[in-house]
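Down below is the structure, laid out as structure tokens.
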Number of protein chains: 2
Amino acid sequence: MLSIAEENYIKQLLSLSLDREAKEGIGTNELALSLNVKPSTVNDMLKKLRQKELIDYEKYGKIQLTATGRKTGMDILRKHRLWETFLYQKLDFTWDEVHEVAEQLEHIQSNKLIEKLDKFLEFPEFDPHGDPIPTANGEIQVLSKLVLSDAEIGKTYRMVAVKDNSAVFLNYVMELGLGINNTIEIISKQDFDESMEIKVKGEAVRVSKKFSQNIYILSENKKD
Amino acid sequence: MLSIAEENYIKQLLSLSLDREAKEGIGTNELALSLNVKPSTVNDMLKKLRQKELIDYEKYGKIQLTATGRKTGMDILRKHRLWETFLYQKLDFTWDEVHEVAEQLEHIQSNKLIEKLDKFLEFPEFDPHGDPIPTANGEIQVLSKLVLSDAEIGKTYRMVAVKDNSAVFLNYVMELGLGINNTIEIISKQDFDESMEIKVKGEAVRVSKKFSQNIYILSENKKD
DNA sequence: TAATTAAATTAGAGTAGCCTAACATTTTTT
DNA sequence: AAAAAATGTTAGGCTACTCTAATTTAATTA
Ligand SMILES: [Mn+2]
Ligand SMILES: [Mn+2]
Ligand SMILES: [Mn+2]
Ligand SMILES: [Mn+2]
């Protein structure tokens with residue numbers, strides 16, 4: 001059985017690898033940065049994770065999850081997102097509050113618990129942030145979503161997820177009146193700073209490049 | 001904030017102190033035995049807990065929780081029992097399965113979570129084992145219950161709780177057709193080994209001394 | 001290609017939580 | 001009251017996870 005620290009390394013490796021081409025591999029410094037620890041700390045842990053055959057990695061090389069490592073990561077991500085859904089749907093947490101608590105709950109060890117929870121929630125497919133929940137088999141639904149910053153002027157989209165999960169970002173999203181499944185119309189784009197004006201629920205708002213890079217959308221007229 | 005290890009020491013100290021006179025105090029060896037660690041390990045931890053003003057304790061003396069320590073312990077016990085209730089009522093766990101998972105869930109840190117959970121469960125007063133759930137203020141309902149082994153022949157009682165929470169004991173209780181709120185009639189008692197014959201739901205069964213010492217009862221004709 | 005910069009690793013150290021073995025104190029028994 | 005037993009403490013050591021500082025290797029730039 002893995003320690004909480006080990007689980008966090010594996011989960012982070014999975015998250016990073018889901019954001020890139022499968023064969024790319026992850027660097028020590030990069031992983032350290034994203035986990036808020038020093039590279040030397042990561043280096044120690046990499047040896048342990050390789051020993052346990054959860055990662056492929058050799059000195060000065062890139063890190064990749066093995067099939068087992070990937071499945072392990074998916075289990076943790078599944079728990080994280082199911083707990084977020086529970087907090088949101090059953091306990092009336094807001095979507096900016098769920099992540100922090102789910103960071104703790106994802107480490108509870110009990111297969112029975114997570115399968116019962118899944119059933120209790122009626123087998124949800126997405127968490128409150130629009131992210132797909134992996135199945136018990138470790139499969140994850142990857143829908144080819146766009147980033148708002150790449151949207152075309154004049155077209156209409158549906159917001160499907162957020163990238164950043166921090167409370168400060170999510171609060172801002174809510175403040176602007178935005179939420180999952182909202183329809184977004186692209187009014188204009190500024191060449192200068194790549195800010196854009198968008199229309200949501202009849203209201204026009206201006207958002208920065210940094211903001212629009214953290215909103216995932218789909219073309220409104222695409223089939224699901 | 002306390003570590004999981006520290007929380008487990010405090011919780012255990014509370015549990016032990018709830019089973020005796022308030023002023024009695026707890027010994028190092030006794031605590032070590034109940035936590036499955038060595039006395040020297042406990043000794044180290046006692047210094048830390050005293051430093052944090054959670055216990056009163058001096059060299060070669062007995063251990064007692066301070067007011068803060070007691071409140072801390074109550075918070076953990078509250079979480080433990082609320083989670084047990086959740087697992088039992090909402091996720092269809094059996095009463096012998098809940099304890100182990102609650103041992104993990106009791107360490108999740110989030111006031112909001114536990115108060116929302118309490119509300120979601122509609123403010124339960126007792127957990128699946130018949131144990132009272134402490135309030136958010138750290139108060140606990142102490143009803144003066146009897147132990148089945150002290151019951152009188154010919155009288156009728158109501159089972160209100162179990163002492164032992166192990167799956168092996170709880171399974172046996174279920175096998176005998178016994179459960180919380182069942183009516184129990186004392187048919188006879190053997191002087192030789194203090195086993196007793198009792199009647200539950202019309203069925204007569206024989207139980208050992210060790211068994212009857214782990215069942216809590218109340219006189220049937222007492223007001224609640 | 002040589003120099004420079006970036007990335008990764010190693011060496012050495014600290015804390016928390018556990019252990020065993022030896023020793024000290026207190027309590028109980030004789 | 002002395003001896004024996006029980007209880008509690010100290011000393012020293014181990015592992016997991018973290019750090020800083022120094023070093024090595026790889027990648028980039030000149
Ligand atoms: Mn999250
Ligand atoms: Mn999420
Ligand atoms: Mn329990
Ligand atoms: Mn219980």
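A note on names: the letters A, B, ... follow the listed sequences, proteins ahead of strands, and every chain is numbered from 1. The model shown is predicted, which means the values in this text are computed figures rather than measured ones.
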Give a yes/no answer on whether the side chain of [X] brings an N or O atom under 4.0 Å of OP1 or OP2 in [N].
X	N	answer
A:T28	C:dT9	yes
A:N43	C:dA8	no
A:Y9	D:dT18	yes
A:K47	C:dT9	no

Nearest-angstrom distance from the residue atom [atom1] of [X] to [atom2] of [N]:
X	N	atom1	atom2	result
A:L33	C:dA8	CG	P	11 Å
B:I4	C:dC18	CD1	P	11 Å
A:L35	C:dA8	CG	C1'	16 Å
B:E30	D:dG8	CD	C1'	13 Å
A:D44	C:dG12	CG	P	14 Å
B:N29	C:dT27	CG	C1'	13 Å
B:N36	C:dC18	CG	P	11 Å
B:M1	C:dA16	CE	P	14 Å

(request) Counting heavy atoms from C-beta on, name the nucleotide in D:dC19, C:dC19, D:dT18 closest to the side chain of A:K38. (result) D:dC19
(message) Is a donor from one side chain sitting under 3.5 angstrom from an acceptor on the other, for A:H99 and A:H80?
(response) yes
(request) Classify the side-chain pair A:E97/A:T94 by whether it contains a donor and acceptor separated by less than 3.5 Å. (result) yes
(request) Given side-chain contact (heavy atoms from CB on, under 4.5 Å), test B:L218 with B:M159 step by step and report yes or no. (result) CA-CA 7 Å; B:L218 269 185; B:M159 173 167 164; over 6 Å; no
(message) Looking at A:S40 and D:dT20, is any side-chain donor or acceptor paired with a base atom of the opposite kind under 3.5 Å?
(response) yes
(request) Given side-chain contact (heavy atoms from CB on, under 4.5 Å), test A:K62 with A:I26 step by step and report yes or no. (result) CA-CA 5 Å; A:K62 293 295 177 186; A:I26 292 144; over 6 Å; no
(message) What verdict does the side-chain contact (heavy atoms from CB on, under 4.5 Å) test give for B:D118 and B:R78, after you've listed the backbone C-alpha separation in whole Å, the side-chain angles of each residue and the deciding distance to 0.1 Å?
(response) CA-CA 10 Å; B:D118 191 27; B:R78 171 173 165 78; 3.1 Å; yes
(message) I need the residues from residues 50-65 of chain B with at least one non-hydrogen atom less than 4.0 Å from DNA chain D; give them sorted by number, or say none.
(response) B:Y57, B:K59, B:Y60, B:K62
(request) State the CD-OG distance between A:Q64 and A:S17, to the nearest 0.5 angstrom. (result) 8.5 Å
(request) Walk me through it: do A:M196 and A:I186 pass the test side-chain contact (heavy atoms from CB on, under 4.5 Å)? (result) CA-CA 8 Å; A:M196 52 182 16; A:I186 314 301; 4.1 Å; yes
